[in-house]
Amino acid sequence: MTIGEEITVFPDWFIIHFTENNGMAFGMQFAGEYGKLILSVFRIVAIFAIGWYLWRLIHRKANKGLIISLALIFTGALGNIIDSVFYGVLFSASTYRELAVFLPEAGGYAGYLHGKVVDMLYFPLIEMHHTTAPSWIPSFLFGSDNYFVFFRPVFNIADSAITIGVLLLLFFQNKFLKKEK
């Protein structure tokens with residue numbers, strides 16, 4: 001797929017929309033020449049730390065919900081770092097007009113740890129045209145043409161795994177981290 005190309009799976013609520021993310025969630029990124037490298041190294045360190053902690057929890061026979069939550073965060077982070085590490089090396093740059101080429105003769109568009117993360121899942125659940133937003137609503141939710149979309153972010157399965165893992169930890173932390181008598 002080319003950047004921005006879409007395939008409608010279920011009309012009005014689920015679209016596969018091809019985009020690439022330069023940095024973190026919602027397209028945020030560290031500025032500067034070394035921002036992407038710092039983010040990638042941080043992700044790798046975080047994966048090793050979470051993996052080590054997960055291994056310890058499994059051997060201690062910790063609460064299964066805690067293990068599952070951390071496993072979701074771990075696998076999601078691993079999926080995103082695999083994209084970031086290898087995608088730029090293995091593919092040519094994606095554009096709005098041309099498909100990326102796998103293993104191009106000239107090499108990929110970026111070096112190790114500098115690749116983009118592919119996001120494709122888009123769920124525009126509610127769309128409102130010509131809507132005036134209240135002043136307290138953040139401006140990024142409404143475009144300049146007063147067009148509102150709820151749920152605007154485009155994400156991937158790895159992002160979903162991380163989000164579900166974090167939400168499980170937040171909602172069930174008392175149960176997961178309860179001290180045994």
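When a residue number appears, it is its place in the shown sequence, counting from 1.
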*Can you tell me if Lys36 uses its side chain to pair, donor with acceptor, with the backbone of Leu113 under 3.5 Å?*
no

*Listed by chain and number, what are the salt bridge (charged side-chain N to carboxylate O under 4.0 Å, His left out) partners of Lys116, not counting sequence neighbours?*
Glu20

_Backbone of Val101 reached by a side-chain donor or acceptor of Ser92 within 3.5 Å_ = yes

*Looking at Leu54, Leu78, Val166, which hits side-chain contact (heavy atoms from CB on, under 4.5 Å) with Ile73?*
Val166

*asked:* Check the orientation of Tyr87 and Tyr109. Use parallel for under 30°, tilted for 30 to 60°, and perpendicular for over 60°.
replied: perpendicular

*For Phe172, look at atom CZ and say whether over 12 heavy atoms of other residues, nucleotides or ligands are found less than 6.0 Å away.*
no

*Taking side chain to side chain donor-acceptor pair (under 3.5 Å) as the test, write out the residues that go with Asp83, two or more places apart.*
none

*For the side chain of Thr163 and the backbone of Asp159, is there at least one donor-acceptor N/O pair under 3.5 Å apart?*
yes

_Which residue is it: Asn156, Asn21, Thr75? I am looking for the one with a side-chain hydrogen bond (donor to acceptor under 3.5 Å, both in side chains) to Asn80._
Asn156

*Non-neighbouring partners of Gln173 that pass side-chain contact (heavy atoms from CB on, under 4.5 Å), sequence neighbours left out*: Leu177

*asked:* For Phe102, I'd like to know if atom CZ has over 12 heavy atoms of other residues, nucleotides or ligands within 6.0 Å.
replied: yes

*Name all residues meeting the side chain to side chain donor-acceptor pair (under 3.5 Å) criterion together with His17; count only those two or more places apart in sequence or in a different chain, and write none if there are none.*
Glu6

_With sequence neighbours excluded, residues passing side-chain contact (heavy atoms from CB on, under 4.5 Å) with Tyr53_ = Leu57, Leu70

*Donor-acceptor pair, Thr95 side chain versus Glu98 backbone, under 3.5 Å?*
yes

*Report the residues that fulfil ring pair (Phe, Tyr, Trp, His ring centres under 6.0 Å) with Phe18, sequence neighbours left out, ordered by chain and then residue number.*
none

